[in-house]
**Student:** 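I am attaching a structure below and will ask some questions about it afterwards.
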Protein chains: 2
Amino acid sequence: MSIIFSRECEYALQSVTYLARTKQGEKISIRELARTLKIPRHFLAKILQRLTRKGFLISAKGPTGGFALSMPAKDITLFHIVDAIDGLAFANSCVLGFRECSGKHPCAVHDQWGEIRDTLYEMLVSRNVSQMGAAMKKPEYEAAGN
Amino acid sequence: MSIIFSRECEYALQSVTYLARTKQGEKISIRELARTLKIPRHFLAKILQRLTRKGFLISAKGPTGGFALSMPAKDITLFHIVDAIDGLAFANSCVLGFRECSGKHPCAVHDQWGEIRDTLYEMLVSRNVSQMGAAMKKPEYEAAGN
DNA sequence: TTAATTTAAGACAAAACAGTCTGATATAAA
DNA sequence: TTTATATCAGACTGTTTTGTCTTAAATTAA
Ligand code: FES
Ligand code: FES
């Protein structure tokens with residue numbers, strides 16, 4: 001069970017961060033990405049295609065083909081990716097599931113949740129995937145960029 | 001789409017908080033709870049039964065039957081309910097979906113997420129459902145306890 | 001030109017989640 | 001005792017999410 005992002009979004013964030021570590025101009029295939037990040041291959045394909053249509057990636061077919069970021073890694077934030085995949089419903093939804101979340105009729109944890117939500121929001125907008133790539137200490141990322 | 005709790009858990013939290021506002025000894029029927037909180041009736045029935053089996057509620061059949069808290073409202077925290085329904089996976093899972101979450105091989109947002117998670121954890125353990133009931137400013141709760 | 005490789009696209013399947021329905025059982029009151 | 005009302009239990013259905021498969025189209029290189 002995922003926490004706040006869908007599986008699809010988690011995979012997207014992992015993948016884009018991986019691409020952020022590659023050399024300028026280098027293309028990564030679905031096969032490599034799926035193998036190193038242990039993501040179901042065809043599921044990943046759909047996710048990358050979606051990110052391509054959204055304009056975050058460029059793709060190339062044929063041998064030597066693959067995916068790469070369409071813009072500098074520092075111009076893409078977590079927020080952009082989350083928005084593209086999951087949407088931003090979390091930003092104004094009640095954590096207890098009530099239909100409305102507003103200060104007018106707050107639920108019992110509205111204020112505390114508001115702080116958490118703001119911190120989360122800050123985390124998403126303040127970090128670009130270039131920083132993400134550098135900060136990632138997972139072993140599967142070590143090989144990238146070689 | 002729910003944020004961090006499942007629909008079932010959201011409904012459970014809403015319901016238990018509602019029960020926390022009722023007078024000592026008063027029993028609330030599934031029908032009333034479902035109507036005022038706008039929760040599907042049979043789905044709610046299963047949730048309340050589950051909470052009963054877990055020991056948080058007592059139930060009574062027949063006319064004048066219904067549900068009530070099995071213990072003082074101040075002895076039940078959000079944490080108890082979340083644990084009973086969703087489990088505590090959120091407390092040690094990676095927000096980016098990696099298999100392991102640990103300081104040994106942290107993902108790029110491990111530290112920031114750690115703070116958010118701690119705040120969330122604090123919110124769950126520090127608030128009991130008696131306080132919750134009092135703090136709830138939703139119109140559907142106004143009728144309770146009359 | 002042909003063969004190999006890679007993405008594109010969408011149908012399909014499996015699993016998880018949410019919600020529904022029915023019959024049984026217990027209880028209170030007429 | 002009978003009737004009405006409520007929970008109990010579990011099977012069932014529908015929806016969303018997640019994952020799989022197949023074919024087509026594009027591209028590279030032999
Ligand atoms: S009303 Fe519940 S979080 Fe705002
Ligand atoms: S490793 Fe990702 S949150 Fe800890």
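Numbers restart at 1 for each chain; the letters A, B, ... are given by sequence-line order, proteins then strands. The basis for the numbers below is simple: all heavy atoms, side chains too, and nothing from hydrogens, waters or symmetry mates.
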**Student:** I need the residues from residues 37-49 of chain B with at least one non-hydrogen atom less than 4.0 Å from DNA chain D; give them sorted by number, or say none.
**Tutor:**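 B:K46, B:Q49, in order of number.
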
**Student:** Please report, rounded to the nearest Å, how far the C1' atom of D:dT16 is from the CZ atom of A:R7.
**Tutor:**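 To the nearest whole Å, that distance equals 15 Å.
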
**Student:** Return yes if some donor-acceptor pair links the side-chain N/O of B:H110 with the main-chain N/O of B:C107 below 3.5 Å, else return no.
**Tutor:**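 Not confirmed, B:H110 side chain does not pair with B:C107 backbone.
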
**Student:** Can we say B:E32 and B:R35 salt-bridge, meaning some charged N sits less than 4.0 Å from an Asp/Glu carboxylate O?
**Tutor:**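 Looking at B:R35 together with B:E32, the answer is no, because their closest N to O distance does not fall below 4.0 Å.
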
**Student:** Round to a whole Å and report the spacing from CD1 of A:I85 to P of D:dT17.
**Tutor:**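 It works out to 13 Å between those atoms.
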
**Student:** Taking only the side-chain heavy atoms of A:P63 (C-beta and beyond), determine which of D:dT5, D:dT7, D:dT27 contains the nearest atom.
**Tutor:**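 Nucleotide nearest to A:P63's side chain: D:dT27.
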
**Student:** With respect to the phosphate group of D:dT18, does any side-chain polar atom (N or O) of A:Y11 fall under 4.0 Å of OP1 or OP2?
**Tutor:**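 No, A:Y11 has no side-chain N/O under 4.0 Å of OP1/OP2 on D:dT18.
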
**Student:** What is the distance, rounded to the nearest whole Å, between atom CZ of B:R31 and atom C1' of D:dA6?
**Tutor:**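 Distance, rounded to whole Å: 9 Å.
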
**Student:** Using every non-hydrogen atom in the two residues, find where B:E10 and B:I3 come nearest and quote the distance to one decimal.
**Tutor:**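 Where B:E10 meets B:I3 most closely, the heavy atoms are OE2-N, 4.3 Å.
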
**Student:** Taking B:E26 for the side chain and B:K23 for the main chain, is one N or O donor matched with an acceptor at less than 3.5 Å?
**Tutor:**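 Yes.
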
**Student:** Between A:R99 and B:K38, which heavy-atom pair has the shortest distance, and what is it?
**Tutor:**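 Taking every non-hydrogen atom into account, NH2-O, 3.3 Å.
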
**Student:** Heavy-atom nearest nucleotide on DNA chain D for A:T64 versus A:S2: which residue maps closer to 5'?
**Tutor:**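 First, find each residue's nearest nucleotide; the 5'-ward one identifies A:S2.
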
**Student:** A:E8: which residues meet the side chain to side chain contact (heavy atoms under 4.5 Å, CB included) condition with it, sequence neighbours left out?
**Tutor:**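 Side chain to side chain contact (heavy atoms under 4.5 Å, CB included) check on A:E8 returns A:S6, A:F43, A:I47, A:R50, A:I85.
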
**Student:** Could you pull out all donor-acceptor pairs under 3.5 Å where a side-chain atom in residues 57-76 of chain B meets a protein atom, sequence neighbours excluded?
**Tutor:**
| from | atom 1 | to | atom 2 | distance (Å) |
| --- | --- | --- | --- | --- |
| B:S70 | OG | B:G55 | O | 2.6 |
| B:S70 | OG | B:F56 | O | 3.0 |

**Student:** Under 30°, 30 to 60°, or over 60°: which ring-plane class applies to A:F98 and B:Y141, parallel, tilted or perpendicular?
**Tutor:**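 The arrangement is perpendicular - the two ring planes meet at more than 60°.
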
**Student:** Under the salt bridge (Lys or Arg N to Asp or Glu O under 4.0 Å) test, which residues partner B:R31, sequence neighbours left out?
**Tutor:**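 Salt bridge (Lys or Arg N to Asp or Glu O under 4.0 Å) check on B:R31 returns nothing, list empty.
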
**Student:** B:L57 CG to D:dA6 P: how many Å, rounded?
**Tutor:**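 To the nearest whole Å, that distance equals 18 Å.
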
**Student:** Reading DNA chain C in the 5' to 3' direction, which nucleotide is the first one with an atom under 4.0 Å from a heavy atom of chain B, and which is the last?
**Tutor:**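 The footprint of chain B covers C:dA18 to C:dA28.
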
**Student:** Test your reading of the model: is there a side-chain donor-acceptor pair from A:Q131 to the backbone of A:N128, 3.5 Å cut-off?
**Tutor:**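 Indeed, once roles are kept as given, a pair shorter than 3.5 Å links the two residues.
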
**Student:** What is the minimum heavy-atom distance between A:V16 and A:I81, and which atoms define it?
**Tutor:**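 The pair with the smallest heavy-atom distance is CG2-CD1, 4.1 Å.
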
**Student:** Find the runs of at least 3 consecutive base pairs, i with j, i+1 with j-1 and so on, that include DNA chain C, using Watson-Crick or G-U wobble geometry with both distances under 3.5 Å.
**Tutor:**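 Stem segments, range with range: C:1-30 with D:1-30.
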
**Student:** Just checking B:R50: base, sugar-phosphate only, or nothing, at a heavy-atom cut-off of under 4.0 Å?
**Tutor:**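 Nothing: the residue B:R50, judged by heavy atoms under 4.0 Å, touches no strand.
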
